[in-house]
Amino acid sequence: YDDSAITITPEMVQIQTFITDKSRRNINSRVLAKMGAMPGEAMMRKKDQDGLTAMDASNNDLGTANTPVQTGDVASARYRITSNATEPGPMPISGVFHGFCIKDFYDELVGGTGTYPVPDGATATVFQSGFNLPIANVSIFEDGNISIDSNSDAKNFVFSKSAWVLVEGMTIKTEPRREPHIGGGGDSLFLTDEYAYGLRSSNWTFEIIGDATAPA
């Protein structure tokens with residue numbers, strides 16, 4: 001058994017929001033509360049997008065461009081991870097897919113609805129509540145931050161939890177600062193985080209490309 005050390009250096013990310021005193025006086029309190037929550041939401045979106053960018057570096061590809069993703073693609077990735085000849089990847093295995101691609105899983109499973117009776121079971125569950133089932137014991141998560149290219153394709157990901165490392169240099173920190181010299185006075189709120197993603201094993205992560213045309 002061979003192992004090696006990996007080096008991951010967290011990078012700092014910061015968001016500044018400035019709200020003038022005039023804005024505080026003139027806008028609805030609910031809008032003001034929403035403005036307070038938006039920096040945190042933006043930071044989490046940034047963190048998610050950075051994770052997707054890291055996973056996009058995977059050298060293992062499945063699926064076909066301009067073709068709907070299939071549940072079989074997920075199962076193939078899962079078993080190629082857990083039965084990898086170099087080193088089997090450990091469970092749990094997760095799948096992160098754009099919602100437009102998950103709709104293809106939905107269509108695959110409920111395709112016979114209206115053609116033949118649908119008894120209680122997986123098909124009935126998906127028909128009622130949307131696709132929220134595991135595939136080959138892979139937990140499926142929807143992520144609308146996955147980008148769709150100019151050909152209407154999206155890169156989705158299936159990976160062992162142990163494939164990726166998230167190193168956090170600090171917990172999210174918020175810090176206000178009074179700015180009396182700008183816009184008649186106001187307050188800046190600084191939101192700071194420090195993190196980086198690192199790949200532990202390229203054998204334990206797969207990209208699954210597929211058509212991500214908006215459902216009609």
Side-chain angles (χ1 to χ4, degrees), residues 1-24 27-60 77 81 87 89-99 102 132 138-148 154-208:
Y1 177 78
D2 294 326
D3 199 2
S4 58
I6 59 175
T7 301
I8 304 170
T9 304
E11 296 183 353
M12 188 170 291
V13 178
Q14 192 170 62
I15 296 174
Q16 177 186 3
T17 304
F18 176 69
I19 303 175
T20 65
D21 296 339
K22 180 178 176 62
S23 295
R24 290 182 185 276
I27 64 177
N28 184 281
S29 59
R30 293 183 180 180
V31 177
L32 191 62
K34 184 64 177 177
M35 291 176 65
M38 286 175 63
E41 295 171 359
M43 183 67 80
M44 295 308 298
R45 181 183 180 92
K46 166 68 174 170
K47 201 168 189 177
D48 181 52
Q49 289 175 328
D50 287 347
L52 295 172
T53 298
M55 287 191 287
D56 192 21
S58 172
N59 295 321
N60 303 317
I81 291 170
E87 183 180 5
M91 298 291 285
I93 309 293
S94 298
V96 178
F97 286 79
H98 193 283
I102 293 178
N132 54 13
V138 176
S139 298
I140 304 297
F141 298 93
E142 179 179 352
D143 193 335
N145 290 329
I146 292 175
S147 61
I148 299 175
K155 287 183 179 179
N156 310 280
F157 307 98
V158 173
F159 52 92
S160 167
K161 182 179 180 180
S162 298
W164 295 96
V165 179
L166 172 60
V167 177
E168 297 186 285
M170 57 179 284
T171 57
I172 294 179
K173 178 181 69 174
T174 58
E175 185 175 352
R177 185 176 71 187
R178 182 65 184 167
E179 310 279 13
H181 59 294
I182 302 176
D187 296 287
S188 286
L189 179 65
F190 297 89
L191 190 66
T192 308
D193 201 358
E194 187 179 16
Y195 60 87
Y197 293 89
L199 178 61
R200 178 180 282 130
S201 174
S202 60
N203 296 321
W204 299 347
T205 182
F206 278 81
E207 293 180 359
I208 299 181

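What you see is a predicted model, and the numbers here were worked out from it, not measured in a lab.
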Completion exercise
Y197 meets the side-chain hydrogen bond (donor to acceptor under 3.5 Å, both in side chains) criterion, sequence neighbours left out, with none

Handout entry: salt bridge (charged side-chain N to carboxylate O under 4.0 Å, His left out) partners of residues 10-23, not counting sequence neighbours, each pair once
Key = D21-R178

Exercise for the section: Could I get the full list of side chain to side chain contact (heavy atoms under 4.5 Å, CB included) partners for F141, not counting sequence neighbours? Expected result: S94, S139

Exercise for the section: Using the test salt bridge (Lys or Arg N to Asp or Glu O under 4.0 Å), find all partners of K46 that sit at least two apart in sequence or belong to another chain. Expected result: D50

Handout entry: For I27, side chain to side chain contact (heavy atoms under 4.5 Å, CB included) partners two or more places apart
Key = V31, L32, M35

Practice task
Determine whether more than 12 heavy atoms belonging to other residues, nucleotides or ligands lie under 6.0 Å from atom CE of M38.
Solution key: no

Practice task
Report yes if some heavy atom in the side chain of L191 is under 4.5 Å from a heavy atom in the side chain of T174; otherwise report no.
Solution key: yes

Fill in the blank from the handout: d(E142 CD, F97 CZ) to nearest 0.5 Å is 12.0 Å

Completion exercise
In this structure, CG of N60 is separated from CD1 of I208 (nearest 0.5 Å) by 11.0 Å

Problem - Contacts of S147 that satisfy side chain to side chain contact (heavy atoms under 4.5 Å, CB included) - sequence neighbours left out - result: none

Practice task
Check side chain to side chain contact (heavy atoms under 4.5 Å, CB included) between M44 and all other residues, then give those that pass, not counting sequence neighbours.
Solution key: I172

Problem - Main-chain N/O of G89 paired to N203 side chain as donor or acceptor, under 3.5 Å - result: no

Practice task
Please identify each residue that fulfils salt bridge (Lys or Arg N to Asp or Glu O under 4.0 Å) with R200, with sequence neighbours left out.
Solution key: none

Practice task
Applying ring pair (Phe, Tyr, Trp, His ring centres under 6.0 Å), name anything that partners F206, two or more places apart in sequence or on another chain.
Solution key: none

Problem - Steps toward side chain to side chain contact (heavy atoms under 4.5 Å, CB included) verdict (V158, I93) - result: CA-CA 7 Å; V158 173; I93 309 293; 3.7 Å; yes

Exercise for the section: Identify, with sequence neighbours excluded, every residue that meets salt bridge (Lys or Arg N to Asp or Glu O under 4.0 Å) alongside E175. Expected result: none

Handout entry: Backbone N/O of L199 and side chain of W204: donor-acceptor pair under 3.5 Å
Key = no

Exercise for the section: Please identify each residue that fulfils salt bridge (Lys or Arg N to Asp or Glu O under 4.0 Å) with R30, with sequence neighbours left out. Expected result: none

Problem - Exam field: side chain D193 to backbone V13, donor-acceptor pair closer than 3.5 Å - result: no

Problem - Note, K173 side chain near F190 side chain (heavy atom, < 4.5 Å) - result: no

Exercise for the section: Scan residues 162-172 for pairs that pass side chain to side chain donor-acceptor pair (under 3.5 Å), counting only residues two or more places apart or in two chains. Expected result: K47-E168, W164-T205

